[in-house]
Structures are given as C-alpha cells and as structure tokens.
**Student:** 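Next up is a structure, given as structure tokens.
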Amino acid sequence: MKGDELKQLEDEIRNCIKCPLYKSRTNTVPGEGSHNPAIMFIGEAPGKQEDIQGRPFVGRAGEYLTHLISTLDLKREDVYITNVVKCRPPNNRDPTDEEIEKCLPYLRRQIKLLKPKIIVALGRHAAKTLARESGISFKGITRERGKISRVRIYGLEISLVYTYHPAAALYNPNLKNIIEGDFRKIKELLNTDDTKKKRGTLDDFL
Ligand code: URA
C-alpha cells in the first residue's frame, strides 16, 4: 500500500548515511502531507527549524509558504511538501552537487509514489534539478519563473512550475508580488479540468 511504501521510504531516509550531511544533522526531513496530492512543493534543503523539528518548511519561510498555499484555497495537509536534499547543510549553505545526487533517489521515489499533477519547484536549486530530471533546459530562475511546462518525469506527465524560494521574499520584498503572481497562475492551473480529475483509491488515503 502507498502509505506503507511512504513509511518505508521515510525510515530509509531517517537512517541515511549516503553523504556527509548525516554527521551534522539533528533530524532528517523526509517531507509531509497528503498521500494523494494534486500538487507537490519541492524546496532546497531543511533549515535550522526544520532540522530541529524533522518537518519541512516550519520556520519563517515555511510560514510564508503556508500562507501562499492558503491563497490556493488549500491547507498544508492537502499538498505534499518536501525538499531536494533531506538533511540540513551546515550554516544553511547551498547543497553541493554531490549531496543533491546522493539524495535524488529519495525524491524520485516520492514523486513516483505520490503521482502529483503539478510540481512547484521553489528556488533555483529545486528548479534546476527538476528541469534536468524532466530533460528540459533551464536558463536560470529569473528567466524561467512563472512558466508552466508540461513535462514527463519518471514516467508521469505533469505540469512543472518554478517560482522564487519563499525565503527570498523575506529578504527582498519586491519578490513577494512576483511569487504571489506565480501562485495566482498555479491556482488557475489547479482549476483546470485535468488537475481536478485527480482522485485516489481508498489505498491513497491509508
Ligand atoms: N528552506 C527550504 O528550502 N526548505 C525548508 O524545508 C525550509 C527552508
């Protein structure tokens, strides 16, 4: 059952020692949310609060992401939230290419199990990684944000959307309007017939 497979994946992540980040982490942050989400949000890597709590996007950037999700008339429990890298890089430095590569099989399995209709990549690291995994080019977050691409990823046909990382808006209020505009586009996309068709079997809710 999907719930069991997700639980097993979480356990594997909790015991992961594939890259050096395991030495400095307090907790791994596998991800959380609906097991049958129409939409999946993928950030970069856990920060301090996430490392302490073992949950994604629970610090200040997370508060803003939770607000942005509410503008879609959704709650956090209606979506799935995770990161490309599941452990906190020391001092919140950028994850290295090696850390991303080592962690990517977990994200791949999450996407294949959850089968979202829409993936929103938050920030350049997630955007670059998901573009590459979808086999499409990526010319930088400033040029690509707000675009909606129909892509095939891991055998699924989905809409891939990039926007700025919510933390960026905390440091640069000008980006807030842009992110909020991107979320209005995501809301329209969510209301298209194809996305509304997302339904689960009983198993999806267990
Ligand atoms: N930034 C991220 O990219 N992910 C989190 O979970 C928190 C902050």
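Note that ligands are numbered from 1 as they come in the structure, with each ligand's atoms numbered from 1 the same way.
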**Student:** Can you label the angle between the F138 ring and the Y162 ring as parallel, tilted or perpendicular, going by 30° and 60°?
**Tutor:**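 Geometry flag for Y162 against F138: perpendicular rings.
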**Student:** Ignoring hydrogens and geometry, is there a side-chain-to-backbone donor-acceptor pair from K112 to Y154 under 3.5 Å?
**Tutor:**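 No, K112 side chain to Y154 backbone: no donor-acceptor pair under 3.5 Å.
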**Student:** Can you confirm if the aromatic rings of H165 and Y64 lie within a centre distance of less than 6.0 Å?
**Tutor:**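 Between Y64 and H165, the centre distance exceeds or equals 6.0 Å.
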**Student:** Report the part of Q49 (side chain from C-beta onward, or backbone N, CA, C, O) that has a heavy atom under 4.0 Å from ligand 1; answer both or neither where that applies.
**Tutor:**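 No part of Q49 comes within reach of ligand 1.
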**Student:** Tell me the protein heavy atom at minimum distance from atom 4 (N) of ligand 1, and give that distance in Å.
**Tutor:**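 Going by distance alone, atom 4 (N) of ligand 1 is nearest to N83 OD1, 2.7 Å.
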**Student:** Using modelled atom types only, decide if a donor and an acceptor are shared between the side chain of D51 and the backbone of T26 within a distance under 3.5 Å.
**Tutor:**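 Yes, because the side chain of D51 sits within donor-acceptor range (under 3.5 Å) of the backbone of T26.
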**Student:** Counting heavy atoms only, which part of E44 comes closer than 4.0 Å to ligand 1: side chain, backbone, both or neither?
**Tutor:**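 It is both parts that get close, each with some atom under 4.0 Å.
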**Student:** Between A45, A61, P56, flag the one that comes closest to atom 5 (C) of ligand 1 by a heavy atom.
**Tutor:**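 When every heavy atom of A45, A61, P56 is considered, A45 comes closest to atom 5 (C) of ligand 1.
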**Student:** Would a distance-only check, ignoring hydrogens and angles, find a side-chain to backbone donor-acceptor pair under 3.5 Å from K86 to I13?
**Tutor:**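 Not confirmed, K86 side chain does not pair with I13 backbone.
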**Student:** How close does the nearest protein non-hydrogen atom get to atom 1 (N) of ligand 1, and which residue and atom is it?
**Tutor:**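 Protein heavy atom with the smallest distance to atom 1 (N) of ligand 1: H165 NE2, 3.2 Å.
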